[in-house]
Protein chains: 2
Amino acid sequence: MTKTSKKKATIYDLSVLSGSSPSTVSAVLNGTWQKRRIKESTAALIRDLAETHQYTANRQARGLRSSRSGLIGLLLPVHDNRYFSSMAQTFEAHVRSKGQCPIVVSASRDPEEERRTAETLISYSIDELFICGATDPDGVHEVCETVGLKHINIDLPGTKVPSVISDNYEGGRMLTEAIIRRFPADQPLRADELYLFGGRDDHASRERIRGFRAVKRELLGDDPDGCILPTGYAPNTARLAFEAFYEKNGKLPRALFVNSSINFEGLLRFMAGHPHENFADLTVGCYDYDPFASFLPFPVIMIRQDVEGMITKAFEVIEEGRPQPRIHLISPELVQPRTALTGPLDALKDIG
Amino acid sequence: MTKTSKKKATIYDLSVLSGSSPSTVSAVLNGTWQKRRIKESTAALIRDLAETHQYTANRQARGLRSSRSGLIGLLLPVHDNRYFSSMAQTFEAHVRSKGQCPIVVSASRDPEEERRTAETLISYSIDELFICGATDPDGVHEVCETVGLKHINIDLPGTKVPSVISDNYEGGRMLTEAIIRRFPADQPLRADELYLFGGRDDHASRERIRGFRAVKRELLGDDPDGCILPTGYAPNTARLAFEAFYEKNGKLPRALFVNSSINFEGLLRFMAGHPHENFADLTVGCYDYDPFASFLPFPVIMIRQDVEGMITKAFEVIEEGRPQPRIHLISPELVQPRTALTGPLDALKDIG
DNA sequence: CTTGTTTGCACAATCGATGGTGCAAAGACT
DNA sequence: AGTCTTTGCACCATCGATTGTGCAAACAAG
């Protein structure tokens, strides 16, 4: 409480205290003072005052003037999911290391909401926007384009700007093959015993399904249409699909390709209503990685998407001048059952 | 591309187009026009122009003038964890419904980083700050206090402003009791067979430990000090603790109270290196809920903290004028093994 | 027709930082 | 001593919206 306890110091305050003009103070504190030939001693004085008065620049004012805000946005479908929250965590680290401020917002996979959210971010003059898992990336693109905002797609591709996405076809192949190979030669999996649940008509699902079908044909010789059940991404619609299958067939398929961890939660909900033992010999492949899921009582093979790789690539690409709208594929990783991988959290120090 | 493709329309543009003054345009578009006695027809004309030119206010300018930004901040330890990402998801929904913009940032449980992050958010003139799981809430408080920023603590309490936290003592008791009661009368759990792993010297851990010890004394008649092993929150330090215990005793304790899902990941890492069968009769209680963890091959009893309840309460409290720095306890919920609960995602529509 | 009131809006200062431009004082040079 | 350069900084417009104030025109009252 030694001084002005309630209001933040401005360059005008420091200007009075230092006897210099506001522009001099500004130049000193934003680093352009050499260019403006400010004396070292003047600069030192001002830096000193800034320190003792805890000056920090008002970013709204700076942003208004310079039409840049220092904010970098990440548009996510949802937060509470390991995949997307890893995105957020990794993104944040990258943005912070560039000395900017991350702003992470979700838009619920709703195209309308996606555009509105982008508009909102734009009204804060964000400097760049990373569009992750958007249902309508090109819709968001329109919004960004009209104001000249740099942007890039992640996870789901658009057609107007570069996209950095998982190699879902390859991942789908890897996962399908790994599932099939778990079955011994004397009790091989039949083509009609391996089902794919979840996902919807988006690029990622389509590619995974393409990989799934290709490998089934190659290894199992057949690929019945009925084995593909896109349920959307909501856990409960997935649960209902499992419920319906079980109702009709008295059991689950011998092996499942589950399209995402959120869909996998639908499987859990289904299982909660049925005795444990019914699923003792089920084999599951899940396109997403979750450490706990990896240790479930039946074999769970997972795909871990390379979040760090995607974010890193996305930052590289967005820095390029006028990049082509091409798609950059990042290879995912197959994770065998009972595997506990490290994640972004391990990079943090723990001051236990 | 019909019009000004590159720059956003401002009130000055609309002012020229409509033949009114900028202040009139401003008043019409921010809703204060009745107070300023603007004719309905004038207002209609301006609204119309705004619509066709896709006008949206520059929030930096507005914020600069009104020293409010429409941003509400949430300071988190980390993103990629179900508990905190649920916080983010729930927080976002609340903020959005108030017509404001959420800004969620993590600070890695580092007191220094927490303060710096708060400073940064303040430089954007955020309107309120929710401090969640901060290692040093009172440090962040100082920062907020000097600029008169409304703030509140969640998950970990501070002493200067109200805090909304889980009832960790009660939760610790519930979980401990549930663990103990899982053992049959003929093979009861002994006091030296139930260990607590994880957490550190923060309010939440202390309260949970207090509940743990109280119930052990009440039900098991004893409470050996050696059964408490705070390992910090990093998964790997927890893993090492399990490793060390196993090394020394040739097995894990019969029952574990694991302080958080992040610590639980440490247990998984430990398990990955050992044969499955070694843990067939392990009983685990975990203070956090994760649907996949709930279905692991050994009984896992979990505590789900009431994230929705905490956020709701926090918004209530922060709206009050000068609230007392008291602690509001929100009861958590005990979750039996093999339970798949719904979460914030279920509130979203899925346009599958 | 004059005075008083209401209606409808324009004007201008302001928020805090930025950056182009101008200009006095100090130093260099002939 | 007079001219030219360099140094060191102040001045001021600007970004876009908000808001207190003032004032003409329209209308009402007497």
Side-chain angles (χ1 to χ4, degrees), chain A residues 4 6-46 49-50 53-70 122-127 147-148, chain B residues 4 6-46 50 53-71 122-127 147-148:
Chain A
T4 139
K6 267 311 179 209
K7 283 287 57 41
K8 296 203 52 160
T10 71
I11 53 169
Y12 297 94
D13 300 331
L14 297 184
S15 137
V16 172
L17 291 169
S18 69
S20 315
S21 75
S23 57
T24 299
V25 174
S26 170
V28 167
L29 296 174
N30 70 24
T32 61
W33 59 284
Q34 324 244 22
K35 202 162 56 196
R36 284 180 160 275
R37 300 188 311 233
I38 308 287
K39 229 192 307 179
E40 170 58 39
S41 65
T42 309
L45 169 63
I46 291 175
L49 283 167
H53 289 266
Q54 308 209 52
Y55 171 84
T56 51
N58 179 323
R59 310 240 189 174
Q60 307 222 46
R62 169 181 298 173
L64 176 58
R65 182 58 230 257
S66 59
S67 63
R68 307 187 71 256
S69 64
I122 286 170
S123 73
Y124 285 106
S125 307
I126 59 170
D127 299 334
V147 299
Chain B
T4 141
K6 266 312 178 205
K7 283 302 5 102
K8 297 205 53 164
T10 71
I11 53 170
Y12 298 96
D13 302 331
L14 297 183
S15 136
V16 171
L17 291 169
S18 69
S20 315
S21 76
S23 58
T24 300
V25 174
S26 170
V28 168
L29 296 173
N30 71 23
T32 61
W33 58 284
Q34 324 244 27
K35 205 162 53 195
R36 284 178 160 275
R37 298 187 313 232
I38 309 286
K39 230 193 305 178
E40 169 58 40
S41 64
T42 310
L45 168 64
I46 292 175
H53 290 264
Q54 307 210 51
Y55 170 85
T56 51
N58 179 321
R59 309 243 189 173
Q60 307 221 50
R62 169 182 297 173
L64 177 57
R65 181 59 229 252
S66 57
S67 66
R68 308 186 70 256
S69 64
L71 292 168
I122 286 171
S123 73
Y124 286 105
S125 307
I126 59 170
D127 299 335
V147 299

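Naming convention: chains lettered A, B, ... in sequence-line order (proteins, then strands); numbering from 1 in each chain.
None of Ser125(B), Ser69(B), Ser66(B) except one satisfies the side-chain hydrogen bond (donor to acceptor under 3.5 Å, both in side chains) rule with Gln60(A); the exception is Ser125(B). Residue Ser18(A) is tested with Leu49(A), Thr24(A), Ile11(A) for a side-chain contact (heavy atoms from CB on, under 4.5 Å); the sole match is Leu49(A).
Inter-residue side-chain proximity for Asn58(B) and Leu64(A) is flagged as met; some heavy-atom pair is nearer than 4.5 Å. Contact of the Ile46(A) side chain with the Leu29(A) side chain is registered, since non-hydrogen atoms from C-beta on lie closer than 4.5 Å.
The nucleotide whose nearest atom lies closest to any side-chain atom of Asn30(B) is, among dC9(C), dT18(D), dA17(D), dT18(D). Among dA10(D), dT18(D), dA17(C), the nucleotide with an atom closest to any side-chain atom of Thr24(A) is dA10(D). The listed nucleotides are dA10(C), dC15(C), dA10(D); the one nearest the side chain of Arg65(B) is dC15(C). Here dG16(D) is the nucleotide among dG16(D), dT18(D), dA17(C) with the atom lying nearest to any side-chain atom of Leu64(B). The listed nucleotides are dG8(D), dA17(D), dG16(C); the one nearest the side chain of Ala57(B) is dA17(D).
Using a 4.0 Å heavy-atom criterion, one finds that Gly19(B) contacts the sugar-phosphate atoms exclusively. Contacts of Arg36(B) with the nucleic acid, taken as non-hydrogen atoms under 4.0 Å apart, include base atoms. Within 4.0 Å (heavy atoms only), Ser26(A) reaches at least one base atom of the nucleic acid. Among the heavy atoms of the strands lying under 4.0 Å from Thr42(A) are primed sugar atoms or P, OP1, OP2 only; no base atom is included.
Nucleotide dA17(D) holds its C1' atom 13 Å from the CZ atom of Arg59(B), rounded to whole Å. One interatomic measurement links the two molecules: CD1 of Ile122(A) to P of dG16(D), which rounds to 15 Å at whole-angstrom precision. In this structure, the CG atom of Asn58(B) is 18 Å from the P atom of dC15(C), given to the nearest Å. Regarding Arg62(B), its CZ atom lies at a distance of 9 Å from the P atom of dT19(D), rounded to whole Å. The separation between Ile11(A) atom CD1 and dT18(C) atom P is 7 Å, rounded to whole Å. As a whole-Å value, the separation of Trp33(A) CH2 from dA10(D) C1' is 18 Å. One can place OH of Tyr124(B) at 14 Å from P of dA17(C), the figure rounded to the nearest angstrom. Put simply, CG on Leu14(B) is 12 Å from P on dG16(D), counting in whole angstrom units.
Distances shown here put every side-chain N or O of Ser21(B) at or beyond 4.0 Å from the OP1 or OP2 atom of dC11(C). Not one side-chain nitrogen or oxygen of Ser23(B) sits closer than 4.0 Å to the OP1 or OP2 atom of dA17(D).
Judged by closest nucleotide on DNA chain D, Arg37(A) is the one of Tyr12(A) and Arg37(A) placed further toward the 5' end.
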Candidate pair Trp33(B) and Lys39(B), rule side-chain contact (heavy atoms from CB on, under 4.5 Å), full reasoning: CA-CA 9 Å; Trp33(B) 58 284; Lys39(B) 230 193 305 178; over 6 Å; no
